[in-house]
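Everything below concerns the one structure shown next.
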Amino acid sequence: MRPLFTRTRALVSAVAAVLAFSSPAHADTPAVPTLTDGYGLTQVGAPQGTATNFVLTVTTPAVAGQHHIRVIVPSSYYTDTAKRYPVFYFLHGVGDDPSNPYLAYPAMLASQKMITVIPDGGLRGWYTDWVRQDTAAGAQNWETFHLNQVIPFIDANFRTIAAKQGRAVGGLSMGGFGALHYAEDRPELFAQTVSLSGAIDFNLYWVRTAIRGTLSNVGFAMSGTSGSGETAGGSGFGPAVPTDSAFGPLNEAGDMSAALAHGPVANAGKLATVGVSLYTGSGNGNPINVLLDEPAFAESVTEAAQQNVKAALDKAGHPYYAVDYGNGKTWGPNCQGKHTAGCWGQDLVDYLPRLEQAFAAA
């Protein structure tokens with residue numbers, strides 16, 4: 001007769017073999033979810049990534065080409081199947097794309113209380129339905145894509161809190177403009193909005209210059225790979241189009257009134273029912289360094305823009321939360337007060353717990 005430990009080991013091995021045969025490998029690991037097309041969006045291929053951080057590709061008649069949408073869900077989404085989650089829509093900057101893994105900031109990945117969605121905003125889409133649809137860029141209806149298609153698509157495919165109190169919109173640089181613009185245009189959709197180093201005042205010459213530069217494909221200091229921590233002026237935004245394509249004329253030689261009317265400063269009063277948060281650095285303070293350093297110069301522009309938005313909110317009597325971390329020395333080890341991901345990552349470390357609290361209170 002075999003020793004007891006030998007027979008026991010053989011029995012355990014046999015049971016393990018049966019379980020392995022009858023159960024799929026890694027049965028406790030959720031798969032990337034299968035999503036259903038709708039609301040004008042058609043998926044191209046299968047989502048890529050993990051069940052908690054994946055990218056899908058879609059097409060839409062609203063915007064020419066294929067577009068990525070990154071979705072980050074808490075791990076608890078797959079275990080607590082009765083729970084619904086609020087959604088944070090995060091809008092990227094000029095020259096970036098949601099397929100960039102750097103846009104999945106650590107603070108987003110750490111959150112267990114919300115879903116984060118990062119939709120494609122184009123390399124220079126500027127989060128608006130362009131006034132001109134006859135350019136070499138083709139259809140450019142970014143606001144329609146995001147607010148009329150992406151949001152209901154996400155609500156239909158995920159257990160979301162599909163109401164104002166369950167949504168926030170934020171963004172960095174170009175996306176900071178998009179966040180305030182969307183909250184002003186559709187305050188019934190969003191309970192909270194946040195701008196990180198946002199291009200949020202069209203009255204500023206250098207903000208208008210940045211927009212014109214991306215449209216004409218000649219670049220500007222505010223351009224670059226906004227999620228990777230690097231900046232890169234120059235071309236690469238797509239075919240050159242007339243500089244009035246997105247908003248109308250943003251050049252002193254033309255009538256800028258229609259374009260300026262899109263600016264967050266002009267529309268600050270529309271944020272009366274939306275919680276507002278604003279973050280910026282100073283460009284590292286030294287005027288000479290600011291002029292010579294593109295990320296520093298860009299941040300000095302966004303600091304001025306944020307000050308003007310604050311003044312407009314003060315005039316409207318609307319409270320807000322605002323941080324100007326100057327040269328970044330007290331803000332975080334990777335922040336130098338410039339237009340870089342090291343500062344934006346720290347912004348989100350500060351902001352997301354506050355957003356979670358606001359969602360819970362609502």
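All values reported here derive from a predicted model rather than from experimental measurement.
Side-chain atoms of Arg132 and Asp244, non-hydrogen and from C-beta on, do get closer than 4.5 Å to each other. Proximity of Val265 to Ile200: side-chain heavy atoms (C-beta onward) are nowhere separated by under 4.5 Å. Using a 4.5 Å cut-off on side-chain heavy atoms (C-beta onward), Leu348 and Met108 make contact. Between Leu278 and Leu180, some side-chain heavy-atom pair lies under the 4.5 Å cut-off. Inter-residue side-chain proximity for Glu188 and Thr273 is flagged as unmet; no heavy-atom pair is nearer than 4.5 Å. By the 4.5 Å heavy-atom criterion applied to side chains, Val323 and Trp331 are counted as neighbours. The side-chain heavy atoms of Tyr182 and Thr128, taken from C-beta on, include no pair separated by under 4.5 Å. Under the 4.5 Å side-chain criterion, counting only non-hydrogen atoms from C-beta, Ile69 is in contact with Val58.
Checked against the 6.0 Å centroid criterion, the rings of Phe88 and Phe359 do not qualify as a close aromatic pair. For Trp206 and Phe297, the ring centers sit closer than 6.0 Å to each other. Ring centers of Trp126 and His181: at least 6.0 Å apart, outside the cut-off. If you look at His146 and Tyr127, their ring centroids are closer than 6.0 Å.
Asp97 and His68 form a side-chain donor-acceptor contact under 3.5 Å, judged by distance and modelled atom types alone. A donor-acceptor contact closer than 3.5 angstrom links the side chains of Ser173 and His339. For the 3.5 Å distance criterion, the side chains of Tyr320 and Asp314 qualify, holding a donor opposite an acceptor. A donor atom on one side chain and an acceptor atom on the other are found under 3.5 Å apart for Asp350 and Tyr279. At a cut-off of 3.5 Å, with distance as the only test, a side-chain donor of Trp344 or Ser197 sits close to an acceptor on the other residue. Donor-acceptor pairing under 3.5 Å is recorded for the side chains of Glu299 and Thr280.
Judged by distance alone, with hydrogens and angles left aside, the side-chain atoms of Asn334 form no donor-acceptor pair with the main-chain N or O of Gly342 at under 3.5 Å. A donor-acceptor pair is defined here as one N or O able to donate and one able to accept, closer than 3.5 Å; such a pair exists between the side chain of Thr214 and the backbone of Ile211. Put simply, the side chain of Thr50 gets close to the backbone of Asn53: a donor and an acceptor are under 3.5 Å apart. Under a 3.5 Å cut-off, the side chain of Asp129 and the backbone N or O of Thr144 do form a donor-acceptor pair. Side-chain atoms of Thr193 come within 3.5 Å of backbone atoms of Ala179 as a donor-acceptor pair (strictly under, hydrogens ignored). Within the 3.5 Å criterion, the main-chain N or O of Pro119 finds no donor-acceptor partner in the side chain of Arg70. One N or O on the side chain of Asn267 and one on the backbone of Gly263 form a donor-acceptor pair closer than 3.5 Å.
Linking ILVMFWY residues whenever their side-chain heavy atoms come closer than 4.5 Å, directly or via other members, leaves Ile161 and Ile72 in distinct clusters. Note on Ile154: it does not cluster hydrophobically with Val44, by side-chain heavy-atom contacts below 4.5 Å among ILVMFWY residues. Linking Ile, Leu, Val, Met, Phe, Trp and Tyr whenever their side-chain heavy atoms come within less than 4.5 Å puts Ile151 and Leu35 in one cluster. Note on Phe158: it clusters hydrophobically with Val117, by side-chain heavy-atom contacts below 4.5 Å among ILVMFWY residues. Connection of Met256 to Val241 is established within a shared hydrophobic cluster, with ILVMFWY side chains joined at heavy-atom distances below 4.5 Å, either directly or through further cluster members.
The CG atom of Leu313 lies 11.0 Å from the CG atom of Asn308; values are rounded to the nearest 0.5 Å. Here the CZ-CD distance, from Arg124 to Gln140, works out to 7.0 Å after rounding to the nearest 0.5 Å. Separation of atoms OG1 (Thr302) and CD (Gln307) is listed at 10.0 Å; rounding is to 0.5 Å. Gln66 CD to Leu56 CG: the interatomic distance, rounded to the nearest 0.5 Å, is 11.5 Å. Taking NE2 from His67 and CG from Leu41, the interatomic distance works out to 9.5 Å, rounded to the nearest 0.5 Å. Distance CG/Asp201 to CG/Leu260: 9.0 Å, rounded to 0.5 Å.
Shown here for Ser76 and Tyr85, the closest heavy-atom pair between the two residues is OG-OH, 2.9 Å. In terms of heavy-atom proximity, Gln133 sits nearest to Ala139 at OE1-CA, 3.3 Å. Here the closest non-hydrogen pair linking Ser277 and Tyr351 is OG-CE1, 3.5 Å.
Using bins of under 30°, 30° to 60° and over 60° for the plane-to-plane angle, the ring pair Phe247/Phe177 lands in the perpendicular bin.
Between Asp155 and Arg167, at least one side-chain N (NZ, or NE/NH1/NH2) sits under 4.0 Å from a carboxylate O, which counts as a salt bridge.
Enclosure of atom NZ in Lys164 by more than 12 non-hydrogen atoms of other residues, nucleotides or ligands within 6.0 angstrom is indicated. Crowding of Lys329 atom NZ: a count of heavy atoms from other residues, nucleotides or ligands under 6.0 Å not exceeding 12. Atom CD of Gln336 has 12 or fewer neighbouring heavy atoms from other residues, nucleotides or ligands inside a 6.0 Å radius.
A cation-pi contact links Arg159 to Tyr77, judged by a cut-off of 6.0 Å to the six-membered ring centre and 45° from its axis.
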Item to check | Derivation and outcome, side-chain contact (heavy atoms from CB on, under 4.5 Å), residues Leu109 and Thr116 | outcome: CA-CA 9 Å; Leu109 297 174; Thr116 298; over 6 Å; no
Item to check | side-chain contact (heavy atoms from CB on, under 4.5 Å) between Asn148 and Phe153, worked out | outcome: CA-CA 9 Å; Asn148 296 349; Phe153 174 85; over 6 Å; no
Item to check | Derivation and outcome, side chain to side chain donor-acceptor pair (under 3.5 Å), residues Glu356 and Ser111 | outcome: CA-CA 9 Å; Glu356 290 174 344; Ser111 175; 2.7 Å; yes
Checklist entry - Between Asn157 and Thr36, does a side-chain contact (heavy atoms from CB on, under 4.5 Å) hold up when you go through it step by step? => result CA-CA 7 Å; Asn157 280 284; Thr36 302; 3.8 Å; yes
Item to check | Steps toward salt bridge (charged side-chain N to carboxylate O under 4.0 Å, His left out) verdict (Glu143, Arg186) | outcome: CA-CA 10 Å; Glu143 187 166 356; Arg186 299 289 299 278; over 6 Å; no
Next on the checklist: Using side-chain contact (heavy atoms from CB on, under 4.5 Å), reason through Asp347 and Tyr325 one step at a time and then give a plain yes or no.
Outcome noted: CA-CA 10 Å; Asp347 295 348; Tyr325 40 82; 3.1 Å; yes
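Put simply, the residue from Thr34, Thr57, Asp37 that forms a side-chain hydrogen bond (donor to acceptor under 3.5 Å, both in side chains) with Gln43 is Asp37.
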